[in-house]
Amino acid sequence: MAAPLSTMKFWKPGSDGPGVSEERELSTETTSSPVIYNPHTSMSIEKQRQKLPVFKHRNHILYLVESYQTVVIVGETGCGKSTQIPQYLLEAGWAAEGKVIGVTQPRRVAAISVASRVAEERGALLGHEVGYTIRFDDCSDPHATRIKFLTDGMLVREMMADPLLKKYSVLMLDEAHERTLYTDIAIGLLKKIQKKRRDLRLIVASATLDAKKFQEFFNLNESGDPAKDTCGILTVEGRTFPVDVFYTVSPVPDYVKATVETVLKIHETEDDGDVLAFLTGQEEVEKVVSMLVEQARALSRYGMKKHLRVLPMYAGLPYAEQMKVFERVPPTVRKVIVATNIAETSITINGTVFVIDCAFVKMRAYNPRTAIESLVVTPISKAAANQRAGRGGRNRPGKCFRLYTEEDFEKLPPSTVPEMQRTNLAPVILQLKALGIDNVLRFNFLSPPPAQSMVQALELLYALGGLDQYGRLTDPMGVRMAEFPLSPMFAKMLLESGNFGCSKEIVTIAAMMQIQNIFVVPANQKKAAAREHRKFAVAEGDHLTMLNVYEAFIKHQKSSQWCQDHFLNYKGLLRAVTVREQLRRLMNKFKVPRTSSEGDPDVILKCIVSGFFANAARLHHSGSYRTLRDDRELHIHPTSVLYAEKPPKWVVYNEVVQTSKYFMRDVTAVESSWLVELAPHFYKQAKHGSLSSKRSKVI
Ligand code: CDP
Ligand code: MG
């Protein structure tokens, strides 16, 4: 049976207030926005380009880029910033003499999809005139590529090889409002470069941006004479198509369920158009997908003419699966994409008309007082809500259904706190040091991180052996850690594994830790799944359990049937195989010896401790755990094999997830003596048999 469809009630601000009319069904509330452009007509690409709001500003943009070193451009989503501005620059000659126009994106999918669109508009093959570069995937030609899209992280990496970024004439930092860690690092570094390279042009682009803050930051004019300003601002008015926003009449108790209901309601009551729903994480996405697939089957049995095609979209999904959301569907099918915030900015998914926004996002949070970094589900910002809505008005007028009241929308913060201020800074500092920034405390941050986070990161890097006592990058350990595309803790564990005699096993464990939810638990087969999963579980904890799973998967010729029989995530395991291969290659490059523990678990566990000693906790008499660093309360996550077992005295963990409590995920039992032995700079034996943190003086 299909779910009851009547419970979701929305209203549109500006219309009669909520509750005035009982007839607040979705389709009755829309204003009849004029259809400006029908995507199914064959308007030429050139005509389409000229219709975009940014086109009217073409000459002005080019004038500003000529006159100012930095230009801040604010324009509504869909107005043509990402796809058009790079082309205007190209047409105006900014890529002459082998120079490149670089455009950064906060996410991999965004880089690929915008690059593909621009290549298509130019009638070029992707990877020639227009290309992209993301981690582990370079689709650009060093001689032919004139417009290159890249992730902000890749730009920072390129600076390691080319500190002045000489090949670029213009760099556009796109979606700067997202303020990802690497956007902020790039911002600080580019300001430094601009002082040395007056010819380098910078464009900071976004839909919602504190333009003044950026202007003040990038203005190198110290004379006080505005005529000598080096940074200009341009605002582009108007978006291509209007998006009507609807709020729920009353708060929604369960947004997962509400998402499913809203999709079904749209499907029943609205005209053509695909749906894009935002949720916070992989688990929720998969849950909604399976609920909708079930409903879709029921609907087709009941003779619904139009079919639903439900597709998940999240970072952990293999690349080919992610790209499926861009595929066109026949007119008899309505596509429903259930995504995390990976689909929030930059991308245009053709056909998307309806957006469903749950108001939440899963974010990294770092508490400098407790030194705990955790993943936590928090309300989004207004800026993010507008970005989400903006995914709906790209090719024709759209509708956005917010699963919260307008009152709750008003309570949302205006913008997201920059990642720099809510993250463990160890990876940032490592990269800055690798770029020759010695005094990281005085680095030119657009929004400086808390000083305490800095000190903790320096302490950790020193204890990991990446920095020496003077705070300099060590060679080779620090240099190699900086080059590793994983966190310094993982990098240390991998780089040391040859010496511990277990590199074969550690590389598998590291790869498996990059995949979420290897164990599949179908709602109606919980017992059977638990029984199967127990076959892989070992008392030492999750790391060795994951090693067992991987080795068994290989032993059974990567069989999907075998995965199904044992309730294992087949696609996840395939991805682990690819990630493992990539890590293996890096380890070969750094000449990490290939060694195997030959069945001795202790060497593997010790090697894990050599990287993850900072994430150590001891059992408290209350039955919960306490961090060694700061005595904070932690719990074992219910998905851990150690949950509901006799709790080991000492553990290390991979990460912390925060819901009602702080939960440790991927937990392994260790010996306290190993912590002292392997992290002498970090812990020293304290009086009462427990360990305490030693504050080393590294600046
Ligand atoms: O960056 P911004 O949000 O300002 O817009 P854009 O990504 O440059 O896209 C401008 C317009 O191009 C969109 O509103 C779509 O109409 C169109 N577009 C498209 O049809 N297909 C794509 N893959 C990308 C853009
Ligand atoms: Mg854009």
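In listed order, ligands and their atoms are each counted from 1. Quick note: residue numbers are just sequence positions, from 1.
Put simply, the side chain of Ile185 reaches to within 4.5 Å of the side chain of Leu432, judged on heavy atoms.
Of the polar atoms of Leu52, none of the N or O atoms is found under 3.5 Å from an N or O of ligand 1, judged by distance alone. Inclusion of Thr83 in the set of residues having an N or O under 3.5 Å from an N or O of ligand 1 is warranted. Between Ser82 and ligand 1, at least one N/O pair is under 3.5 Å apart. Geometrically, ligand 1 and Gly78 share a nitrogen or oxygen pair separated by less than 3.5 Å. Of the N or O atoms in Thr77, none lie within a sub-3.5 Å distance of an N or O in ligand 1. Note: no N/O pair closer than 3.5 Å links Ser113 and ligand 1 by distance alone.
The side-chain contact (heavy atoms from CB on, under 4.5 Å) search around Glu406 returns Trp11, Pro13, Tyr247, not counting sequence neighbours. For the ring pair (Phe, Tyr, Trp, His ring centres under 6.0 Å) test, residues two or more places apart in sequence or in another chain that qualify with Phe443 are Phe445.
Side-chain contact, Tyr404 with Asp357: a donor N or O sits under 3.5 Å from an acceptor N or O. Counted by atom type alone, Thr280 and Glu284 present one or more donor-acceptor pairs between their side chains at under 3.5 Å. Residues Arg391 and Gln387 have side chains that bring a donor and an acceptor to within less than 3.5 angstrom of each other. Between the side chains of Thr416 and Ser381, a donor-acceptor pair is found at a separation under 3.5 Å.
Cation-pi geometry between Lys99 and Tyr168 is not satisfied (NZ or CZ under 6.0 Å from the ring centre, within 45° of the ring normal).
Under a 4.0 angstrom heavy-atom cut-off, Gly75 registers as lying outside contact with ligand 1.
Residue Asp174 does not touch ligand 1, judged by heavy-atom distances below 4.0 Å. Of all the heavy atoms of Asn350, the ones lying under 4.0 Å from any atom of ligand 1 belong exclusively to the side chain.
Under a 4.0 Å criterion applied to the non-hydrogen atoms of Asn395, ligand 1 contributes the atoms 16 (O), 19 (C), 20 (O).
Note on Thr83: not counted as a metal contact of the Mg ion (ligand 2), no N/O/S atom lying under 2.8 Å.
Evaluated by nearest non-hydrogen atom to atom 16 (O) of ligand 1, the leading choice among Gln87, Glu76, Glu120, Arg394 is Arg394.
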